[in-house]
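Just below is one structure, and these are the notes that go with it.
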Amino acid sequence: MDSRSHTHVTAALRLCLHALLAGLLALVVVRAVGEGAADTAAVVAVTLLTAALYAAGAARSSSVQPKDSAQPTDSARPRTSVQPGTSVQPGTPAGAWWLGGLWVLWAVLLVLSPDALWVAFPLYFLQLHFLPMRWALPAVVVTAAAAITSFVVHRQEIEPGAFIGPLIGAAVAVATVLGYDALFRESERRRELIVELVATRADLAEAERTAGTLAERERLAREIHDTLAQGLSSIQLLLRAAERSLPENAPATPHVRAAREAAQANLAEARSFVRALTPPDLEHGSLAAALERLCARTTAAELTVRFAVSGTPVELPTPYEVALLRTAQSALANTVRHAEARRAEITLSFMDTSVALDVVDDGRGFDPSGAPVPERGTGGDGGFGLPAMRARAGSLGGALSVESAPGQGTAVALTLPLPDTAAERAA
């Protein structure tokens, strides 16, 4: 009976409640007039006053639209968010006073006519709807007791039906309202889950698009670097050698020099393409800076991530930086998702002939040779798991090692051989 939920079912229930109360009040008037009792005029007057008060409150309640969803009360039933005392709404002083006035008029009607006890049934629903549960249940008990007392006083006899009828009506009303509240809460939970699912699906689609874009950018960068840039570099070296072997005043020397300069310009253009296609984290600053930003983004209240550099940093080719950064992202994503760790460390080590990346955490660990490998392979950064990290390391002539055991944390180490410095300078 929540006035906030403007569904067809709720509207039908409200109309049924209005019809039930109107029908029972009409029954009281018809019985009083038909029996020709001495207090018929008083019964009719009190009944009309009760009907007028109920109609005024119902009209005022229906005219007020809820502004938003309020917090549940102690009975866990949703209430309408309105200003206290401004309208006849559940949980407001105006609603309580309106319900109290109805009850007083009904009590007067009980004294005048025994048929008024049937009005207790719609009153049960009103009390359960307008009052918090800690007050609604006692009010229902008092209403049932008043109905039973009226029956005994007017009939001058005690029958089982005098107790069973009002009590069963009260039990049915309480069960109906509580059942509706449970269904409403379940419906709200389902709605929230659907909203969350839709948002998650949109985020997932966006993440997949972003991951696909980054993967394609990396692929193009590798292809340009490994084919076009290397080919232009070789052409430049060959033309430089040819230029040196030709006499200074040879007719072909200017043409060879022009070809070498064109190859050099195109090589610079190809390298600019490679830099433009590198991951965004590497566009602004060095690899060490990108790894430090990654640690800062991942650090949270339950996980502390630290970064350190060992050795003397040297300039690395773009594929090396991409491989090291993606491996760190994937390993750290696995730590966040699966390890339940409190501390993690990323160390970038520059050695004489190789560069190494170590990602160590103190989490729950796993068996690298067992079933948990696929689970930990579902990393949060584009799906790069252990097989993908090994494939990336192998493509650059490196190796990936994983050391872990249940309850002893995990250490992921990527080692890449440094490219020949002289060859790099010549390229």
Side-chain angles (χ1 to χ4, degrees), residues 196-197 199-201 203-208 210-212 214-215 218 279-282 287-311 320-351 354-396 398-416:
E196 182 179 356
L197 178 61
T200 302
R201 185 171 60 183
D203 293 341
L204 179 60
E206 181 63 26
E208 290 178 349
T210 302
L214 293 177
E218 292 177 25
D281 287 334
L282 295 176
L287 172 63
L291 291 174
E292 190 169 1
R293 288 194 299 269
L294 173 64
C295 295
R297 289 197 305 266
T298 310
T299 297
E302 64 277 3
L303 176 63
T304 301
V305 185
R306 296 180 179 177
F307 172 69
V309 177
S310 175
Y320 279 56
E321 292 186 341
V322 172
L324 293 168
L325 177 61
R326 290 305 186 210
T327 300
Q329 289 174 333
S330 183
L332 198 56
N334 287 342
T335 297
V336 173
R337 289 179 176 269
H338 308 294
E340 299 179 358
R342 297 191 62 84
R343 292 187 305 276
E345 294 184 2
I346 296 180
T347 303
L348 181 62
S349 303
F350 293 92
M351 295 167 281
S354 63
V355 58
L357 177 76
D358 298 283
V359 182
V360 183
D361 66 64
D362 62 350
R364 62 183 183 182
F366 69 103
D367 182 7
S369 62
V373 171
E375 177 184 354
R376 290 181 61 89
T378 57
D381 188 62
F384 292 101
L386 294 180
M389 286 189 276
R390 288 193 175 96
R392 189 184 292 276
S395 66
L396 297 175
L400 181 79
S401 64
V402 179
E403 297 181 3
S404 183
Q408 298 183 13
T410 302
V412 177
L414 171 63
T415 303
L416 299 176

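Ala288 meets the side chain to side chain contact (heavy atoms under 4.5 Å, CB included) test with Ser286, Phe307, Val309; sequence neighbours excluded. Legend: residues meeting side chain to side chain contact (heavy atoms under 4.5 Å, CB included) with Glu302, ordered by chain and number and at least two apart, are Ala300. Evaluation of the side chain to side chain contact (heavy atoms under 4.5 Å, CB included) rule for Ser349 yields Ser310, Thr347, Ala356, Asp358 as partners, not counting sequence neighbours. Partners of Arg343 by salt bridge (Lys or Arg N to Asp or Glu O under 4.0 Å), not counting sequence neighbours, listed by chain and number: Asp362. In this view, Ala323 and Arg392, Leu396, Leu416 satisfy the side chain to side chain contact (heavy atoms under 4.5 Å, CB included) rule, not counting sequence neighbours. Scanning for salt bridge (Lys or Arg N to Asp or Glu O under 4.0 Å) contacts around Glu340 gives Arg364, with sequence neighbours left out.
Rounding to the nearest 0.5 Å places CG of Leu294 at 6.5 Å from CG of Leu325. Taken to the nearest 0.5 Å, the NE2 atom of His338 stands 11.5 Å off from the CG atom of Asp361. Between Leu324 atom CG and Thr415 atom OG1 the span is 9.5 Å, to the nearest 0.5 Å. Going from atom OG of Ser395 over to atom CZ of Arg390 covers 14.0 Å, rounded to the nearest 0.5 Å.
Across every non-hydrogen atom of Gly409 and Ser404, the tightest pair is O-OG, 2.9 Å. The two residues Ser330 and Met389 come nearest to each other via the heavy atoms OG-CE, 3.9 Å. Nearest heavy-atom pair across Thr327 and Leu400 is CG2-CD1, 4.3 Å. Ile346 and Ala328 make their closest contact through CD1-CB, 4.3 Å (heavy atoms, listed as atom of the first residue, atom of the second, distance).
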TODO: For the pair Thr335 and Thr410, evaluate side chain to side chain contact (heavy atoms under 4.5 Å, CB included) and give the outcome as yes or no after the intermediate values.
DONE: CA-CA 8 Å; Thr335 297; Thr410 302; over 6 Å; no
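The shortest side-chain heavy-atom distance between Leu357 and Leu291 falls under the 4.5 Å cut-off.
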